[in-house]
Amino acid sequence: MERRLAAELGVSKTPVREALIMLAAGGLVVLTPSRGTSVRLLDGHDLRKIQEVRLLLEPWAVAATTRLGLDDAVERARAALARSAAHLDTVDHGELSMANRDFHRALYAGCGNEFVVASLDGVRDLAALAAVSLLWPHWPTWREEHVEHERILKAVEAGDAESAQRLTRQHIELSGQRAADVVGAV
């Protein structure tokens with residue numbers, strides 16, 4: 001696999017191997033000596049754990065960013081929201097997922113705590129994998145999520161940290177409920 005990826009990318013095997021190791025460290029792929037590398041398969045237990053971490057950290061981080069009143073965070077979130085709006089009528093889960101991830105990161109990354117940001121970055125990667133691999137193929141929720149994002153952004157723009165925190169919590173809880181419903185139905 002490393003050889004094939006290296007050939008497709010026009011690079012040596014070393015950067016491919018290093019990238020796969022980084023993806024494995026983030027929990028996105030599984031390295032098996034005799035079988036190679038595969039994308040991690042998430043289950044209902046994984047989803048619950050991801051949601052628990054997000055619920056503990058992300059609402060607080062969005063509120064902290066809101067209190068700091070960072071204009072660049074609002075601009076990045078607004079740009080990500082516009083990108084997702086442009087893909088609502090497509091089935092390009094990759095683009096929707098990246099816009100979704102960028103939206104969330106824009107709003108939590110300005111919280112002033114690099115440890116929270118690093119933890120959320122890792123969890124958001126797993127949440128994106130769950131959305132693309134488990135949720136969206138069975139239940140296209142990106143329109144509902146987009147509306148929820150618009151509400152969160154309005155609260156952040158208004159400097160209303162309490163509402164931003166509450167709406168972020170509700171958004172994460174709804175996402176978890178949707179994912180649990182899909183996992184239970186599949």
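Between His149 and His104, the angle of the ring planes goes over 60°, which puts this pair in the perpendicular group of the 30/60° scheme.
Of all non-hydrogen atoms in Arg67 and Ala161, the two that sit nearest each other are CG-CB, 3.6 Å. Taking each heavy atom of Pro59 and Arg54 in turn, the nearest pair found is CD-O, 3.2 Å. The nearest pair of heavy atoms linking Ala77 to Phe103 is O-CD1, 3.5 Å. In this structure, Leu68 and Gly110 approach most closely via the heavy-atom pair CD1-O, 3.0 Å.
By the 4.5 Å heavy-atom criterion applied to side chains, Leu55 and Glu173 are counted as neighbours. His87 is not listed as a side-chain neighbour of His146, based on a closest heavy-atom distance of 4.5 Å or more. Between Val53 and Arg124 there is no side-chain heavy-atom pair separated by less than 4.5 Å. Residues Val147 and Arg143 fail the side-chain proximity criterion, which asks for heavy atoms closer than 4.5 Å.
Residues Val123 and Ile172 do not share a hydrophobic cluster, clusters being chains of Ile/Leu/Val/Met/Phe/Trp/Tyr side chains in contact below 4.5 Å. The hydrophobic cluster containing Trp60 also contains Leu57, counting ILVMFWY residues as joined when their side-chain heavy atoms lie under 4.5 angstrom apart, directly or transitively.
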Please report, to 0.1 Å, the donor-acceptor pairs under 3.5 Å made by any side chain of residues 111-120, with sequence neighbours excluded.
| unit_1 | atom_1 | unit_2 | atom_2 | d |
| --- | --- | --- | --- | --- |
| Asn113 | OD1 | Phe115 | N | 2.9 |
| Asn113 | OD1 | Val116 | N | 3.1 |
| Ser119 | OG | Phe115 | O | 3.0 |

Show me, pair by pair, the donor-acceptor contacts under 3.5 angstrom made by side chains of residues 151-158, not counting sequence neighbours?
| unit_1 | atom_1 | unit_2 | atom_2 | d |
| --- | --- | --- | --- | --- |
| Glu157 | OE2 | Arg78 | NE | 3.1 |
| Glu157 | OE2 | Arg78 | NH2 | 2.4 |

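Note on Arg105 versus Asp121: salt bridge recorded, some NZ/NE/NH1/NH2 to OD/OE distance being below 4.0 Å.
In this structure, the side chain of Thr65 engages the main chain of Ala61 through a donor-acceptor pair within 3.5 Å.
Residue Asp71 places its CG atom among 12 or fewer non-hydrogen atoms of other residues, nucleotides or ligands, all under 6.0 Å distant. For Glu52, the CD atom is densely surrounded, since the number of other residues' heavy atoms within 6.0 Å is greater than 12.
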